[in-house]
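Counting starts at 1 for both ligands and their atoms, following the listed order.
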Amino acid sequence: MTNKEDIFKNLVAHAKEYGFIFPSSEIYDGLSAVYDYGQMGVEMKNNIKKYWWESMVHLNDNIVGLDSAIFMHPRIWEASGHVGAFNDPLIDNRDSKKRYRADVLLEDYLAKIEEKIEKEVEKGRKRFGDAFDEAQFRATNPNVLRNKAKYDEVHARMTEALSANDLAALRQLILDCEIVCPISGTRNWTEVRQFNLMFSTQLGNVDGEAGTIYLRPETAQGIFVNFLNVQKTGRMKIPFGIAQIGKAFRNEIVARQFIFRMREFEQMEMQFFVRPGDEMRWFTAWKQTRLSWHKALGLGDDKYRFHDHEKLAHYANAATDIEFEFPFGFKELEGIHSRTDFDLSNHQKFSGRKLQYFDPEAGESYVPYVIETSIGLDRMFLAILSAAYCEEQLEGGDVRAVLRLPACIAPVKLAILPLVKKDGLPELSRKILDDLRFDFNCQYDEKDSIGKRYRRQDAIGTPFCITIDHDSLQDGKVTIRYRDTMEQERIPIESLRSIVSEKVSMNKVLRQIHKIG
Ligand code: GAP
């Protein structure tokens, strides 16, 4: 039986083998935590962007889009707090010379305790069978209770040290937990130091500090500094939102888990500007809307959970993460934050320009409050890919690697396969292709046996294959094969467009969001 770790390794290999994701600069041995999207990856990524953009911008009267530049005035990052406080606490192991994020070492330690608890619960389940009462077991089993107490203590000390920015306390906790370097196996740790995550470069011919500019670590600031431009030119009335999809850059020290944590990645962010005092209502509403957006894709409702932040950043008065069950556990997929008027007020202060809105209903001017929804596009890609990837045991011992992607997200919607490369079948197939390619992304394949071609399409998640055979020339029908069930049926060529269009339609999923919401 393959375990979760092996499946994840297979998934990474699969993503490369089928043209979804390549390591960047591979012929030069790669560049850590940077990836390229291949021919399938780019299609799928574009579909995810479309799903987000349509739901945010096109389906809301009061949300508009923006595409701001990556380079911005360096003072912006002082105003936003990124120059002073966008840091990770790092620790080095003197023996292996490897550098780690102190908080990640502790999180891994906590994850191991959680694992022990879950194993104990599983043991209990096996032992007691149908009579098993999980809640009672968790509340009374001595091993579970001991581990839970340990977990709570370490978690509380870590949270306190992080929020107080107490680096010595973080180091002490690592020592107290007897955490060893995974490479050297020793506890020979340095002090913990802060490390700024922003990449910097020089602007044109301006030398030294004056010419230093940053690659944006989030897209949000481009929205804040354009708040009045958009509000005035779009005659927007509060509440309203500005949405943006774009690249962000972070010099992540712990780069791992494939495209989960990258140094160059894309964000899909929306800032929703509201009247001060209304922010909690909107925060709650956006939490639900965003969760519905995720659930409508049908990856499984139990794969999501909210993680409300207990300790808030100084600028936030509420924050939550939507966590997704990745192959390596529940992790943050999207953040929803109530950011008060922190960003706009600071930009006002640092730029000396007013960033206020005159509210005609209230008859007053104010700096709006902001609810932010922020999701990593690459992380969303990984969430979908990992939920879709399946190694299926077939009768006869064969294993089928199939991507059960939501049809509207799949890179190719329909594969057109002539049974043989002769007798007029390629010609009829190409005629069908030339007609349908205006409606959706199709792929034509005439190489190898039909079985092998089906497998190739399963591997890239194509929801439908059609086979054109000799009978097709006579009866005008083709065989359609469904990816998930592998069932086949014969249908008239003229009905192909409507059958496939209906099934791959993004509209259907978008309408679902409103039903779930
Ligand atoms: N403007 C708010 C903001 O940037 P964040 O929690 O730092 O908040 C938002 O990032 C989202 O961006 C995360 O939930 C995650 O999906 C994605 N993200 C953050 N850092 C990332 C990285 N290094 N690689 C891939 N995605 C990342």
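Under the rule for a ring pair (Phe, Tyr, Trp, His ring centres under 6.0 Å), the partners of Y389 that lie at least two apart in sequence or sit in another chain are H14. Checked against ring pair (Phe, Tyr, Trp, His ring centres under 6.0 Å), F20 has no partners two or more places apart in sequence or in another chain.
Counting only heavy atoms of the protein, atom 2 (C) of ligand 1 lies nearest to E372 OE1, 3.1 Å. Distance from atom 25 (C) of ligand 1 to its nearest protein heavy atom, with residue and atom name: F260 O, 3.2 Å. Atom 15 (C) of ligand 1 has R379 NH1, 3.5 Å as its closest protein atom, hydrogens excluded (heavy atom only). The closest protein non-hydrogen atom to atom 9 (C) of ligand 1 is S374 OG, 3.0 Å. Nearest non-hydrogen protein atom to atom 18 (N) of ligand 1 is F265 CE1, 3.6 Å. Taking atom 14 (O) of ligand 1 as the reference point, the nearest protein heavy-atom neighbour is E332 OE2, 2.6 Å. Nearest protein heavy-atom contact of atom 7 (O) of ligand 1 is R250 NH1, 2.8 Å.
Each of K97, K98, R193 was scored for a salt bridge (charged side-chain N to carboxylate O under 4.0 Å, His left out) with D92, with one residue passing: R193.
Near E334, meaning under 4.0 Å from any of its heavy atoms, are these atoms of ligand 1: 14 (O).
Ionic pairing of E252 and R263 is not present here: no N-O contact between side-chain nitrogen and carboxylate oxygen is shorter than 4.0 angstrom. A salt bridge does not link K112 to D108: none of the charged side-chain nitrogens sits closer than 4.0 Å to a carboxylate oxygen.
Centroid-to-centroid, the aromatic rings of F260 and F258 stay 6.0 Å apart or farther.
Geometrically, ligand 1 and P217 share no nitrogen or oxygen pair separated by less than 3.5 Å. Considering backbone and side-chain atoms alike, G376 places an N or O below 3.5 Å from some N or O of ligand 1.
Contact annotation: for R261 versus ligand 1, heavy atoms closer than 4.0 Å belong to both the backbone and the side chain. Looking at R263 against ligand 1, nothing comes within 4.0 Å, counting heavy atoms. Contact annotation for R339 and ligand 1: only side-chain heavy atoms (C-beta onward) come within less than 4.0 Å of the ligand. When heavy-atom distances to ligand 1 are checked against a 4.0 Å cut-off, L333 comes that close only through its backbone atoms N, CA, C and O. At a 4.0 Å heavy-atom cut-off, ligand 1 touches E269 through the side chain alone.
For the residue pair M280 and S338, the shortest heavy atom distance occurs at CE-OG, 4.5 Å.
With distances taken over non-hydrogen atoms, the option nearest atom 10 (O) of ligand 1 out of Q267, E264, M262 is Q267.
The distance from the CD1 atom of I91 to the CD1 atom of I174 is 4.0 Å, given to the nearest 0.5 Å.
Side-chain N/O atoms of E269 and Q244 include no donor and acceptor closer than 3.5 Å. Inspection of the Y315 and D343 side chains reveals no N or O donor paired with an N or O acceptor under 3.5 Å.
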